[in-house]
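Quick notes on the structure that follows.
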Amino acid sequence: MCAIEAGKRGRRVAVLEHADRLGKKILISGGGRCNFTNLHCRIENFLSSNPHFAKSAVARYTPAVFIALVEKHGIPYHEKTLGQLFCDRSARDIVAMLEAECRAAGVTIFLNTRIQQVQRTDAFVVRAPNAEFCAPALVVATGGLSIPKLGATPFGYDLARQFGLSIREPWPALVPLTLSPEDGSHYCDLAGVSTEVIASCRGQHFREKMLITHRGLSGPAILQISSYWKKPQPILIDLAPDHKFTAAFRDPKIPRNSATLRAEFRKILPQRLADRWLDFHTPTSWTNPALADLEKQIHAWPITPAGTEGYEKAEVTAGGVNTDELSAKTMESRKVPGLFFIGEVVDVTGHLGGFNFQWAWASGAAAGRAL
Ligand SMILES: Cc1cc2nc3c(=O)[nH]c(=O)nc-3n(C[C@H](O)[C@H](O)[C@H](O)COP(=O)(O)OP(=O)(O)OC[C@H]3O[C@@H](n4cnc5c(N)ncnc54)[C@H](O)[C@@H]3O)c2cc1C
């Protein structure tokens, strides 16, 4: 996106990519259909140590601008849920669109180009094994640490450090959480069971599906909250949003016993989860206070994850180049004129739902328009 914007403005642009093709992450994104943006993009959808940093770029390159580009290329798409836009056919459409825009803007793309060294004299000199590039401006768009097998490297962070820029220590985000051996032995054999929950921690909450896995918890609600979770905090899970199980027991004709309780739980939760959860949360008695206590527990079930599934499974890397180091308008380093950082390598991380691409497009366009 940065190369396209700069190329359109008549700049001579070279894209240096160490992989054998462009946009590998785009290709695997959104289950192969690329959730390329979100209709309801707000500043609250981004985490950063400076919550205002993304505002300017995102306001100037809105989802509507990207959608117009998608439509110009005749790419069919649909809204899946919660404003999330996906390709009807394949994420390949988005990569082909970006490649076509690069060609039209006269951008030269160098694949299989592993960068060995970057130096700054009166210009930036970038050395690869078989080529040397020299330019007055250098834009770092090397992403985060997620999915190392796709070629993710700490290169961007190393380069920032080399030029004296500070880094907010990265951590895996939008990532499944693992359970302790004890919790795992209670619940992990229910792998595949999913239910709508509200997952909360550190003042954030997400109402979406939770999925039990062989190692712990996943699904959109858990992926979202994982970005905020810090070990050893617990996350709270409301297993039954909007439901009051014990309401039925106000009727004196309803017997207060395990069978009735199980039946009530099974009305709301998947049967296996209902039964299992009750196995480990038997009410201490059938009094009103004991039932009220159970009600409280089901709406705020504390789970202390053992950890996360790490960068191998994380959809993004949170943290990154400290936003204090960059201009929010252009993404240029305040200390090193001509050096820009865009996309995931910056300490701006989107929620699940197309926000990470929206940040990549918006920050790329911001830099491209300033080059
Ligand atoms: C499985 C998965 C699914 C996802 N689905 C979605 C989704 O549907 N919607 C969404 O908004 N976000 C999604 N994301 C997140 C999204 O893909 C990223 O946030 C986004 O791609 C970041 O863009 P970027 O250009 O900053 O970095 P990247 O897309 O990671 O691109 C960085 C590029 O730099 C190259 N590179 C790295 N190091 C070097 C080096 N040393 N030399 C040369 N080149 C280098 C890499 O090969 C890569 O091509 C998903 C991520 C994953 C892992």
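Numbering of residues begins at 1 and proceeds along the displayed sequence. Computed from a predicted structure; not experimentally measured. As the structure lists them, so they are numbered: ligands from 1, and atoms in each ligand from 1.
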Report the nearest protein non-hydrogen atom to [atom]: residue, atom name, distance rounded to 0.1 Å.
atom	answer
atom 37 (C) of ligand 1	T142 O, 3.5 Å
atom 27 (O) of ligand 1	G143 CA, 3.3 Å
atom 23 (O) of ligand 1	A360 CB, 3.9 Å
atom 18 (C) of ligand 1	E344 OE1, 3.0 Å
atom 31 (O) of ligand 1	A141 O, 4.0 Å
atom 1 (C) of ligand 1	I28 CD1, 3.6 Å
atom 41 (N) of ligand 1	F155 CG, 3.2 Å
atom 6 (C) of ligand 1	S29 CB, 3.6 Å

Parallel, tilted or perpendicular: which one describes the rings of F245 and F265, with boundaries at 30° and 60°? parallel
Provide the number and element of each atom of ligand 1 under 4.0 Å from a heavy atom of [X].
X	value
I115	42 (N), 43 (C)
G343	26 (O)
T153	37 (C), 38 (N), 39 (C), 41 (N)

Mode of [X] contact toward ligand 1 - side chain, backbone, both, neither (heavy atoms, under 4.0 Å):
X	result
F355	backbone
V316	side chain
F357	both

Do E17 and ligand 1 have an N or O pair less than 3.5 Å apart? yes
Contact check: C34 vs ligand 1, nitrogen or oxygen atoms, below 3.5 angstrom: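 Between C34 and ligand 1 (N or O atoms, distance only) the closest approach is not under 3.5 Å.
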Can you tell me if G354 contacts ligand 1 (heavy atom of the residue under 4.0 Å from the ligand)?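 It does, in that a heavy atom of G354 comes within the 4.0 Å cut-off of ligand 1.
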Taking only non-hydrogen atoms of E315, do any sit less than 4.0 angstrom from ligand 1?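 It does; at least one heavy atom falls under 4.0 Å.
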Just checking, K230 and W171: is the charged tip under 6.0 Å from the six-membered ring centre and within 45° of the axis? yes
Of the choices Q84, H18, K25, which has the non-hydrogen atom that lies closest to atom 45 (C) of ligand 1? H18
Restricting to heavy atoms, the pick from T349, I147, T317, N35 nearest atom 53 (C) of ligand 1 would be I147
Cluster overlap I342 with L98, hydrophobic side-chain contacts below 4.5 Å: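 They do not share one cluster, since no chain of ILVMFWY contacts under 4.5 Å joins I342 to L98.
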Should Y311 and V345 be counted in the same cluster of Ile, Leu, Val, Met, Phe, Trp and Tyr side chains packed under 4.5 Å apart? yes
F155 ring center within less than 6.0 Å of H18 ring center: no
Check whether the ring centres of F110 and F133 lie less than 6.0 Å apart, and answer yes or no.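 Centroid distance F110-F133: below 6.0 Å, so yes.
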Can you check whether L85's main-chain N or O pairs, donor with acceptor, with N35's side chain at less than 3.5 Å? yes
Ion pair E325/R334, N-O distance below 4.0 Å: no
Check step by step if ring pair (Phe, Tyr, Trp, His ring centres under 6.0 Å) holds for W361 and Y61. CA-CA 7 Å; W361 316 139; Y61 195 97; 8.0 Å; no
Check F86, Y77, F357 against F36 for a ring pair (Phe, Tyr, Trp, His ring centres under 6.0 Å) and give me the one that passes. Y77
Using the ring pair (Phe, Tyr, Trp, His ring centres under 6.0 Å) rule, take W359 and F66 through it: C-alpha gap first, then chi angles, then the decisive distance, then the call. CA-CA 11 Å; W359 168 245; F66 193 79; over 10 Å; no
So does K24 have more than 12 non-hydrogen atoms from other groups sitting under 6.0 Å from NZ? yes
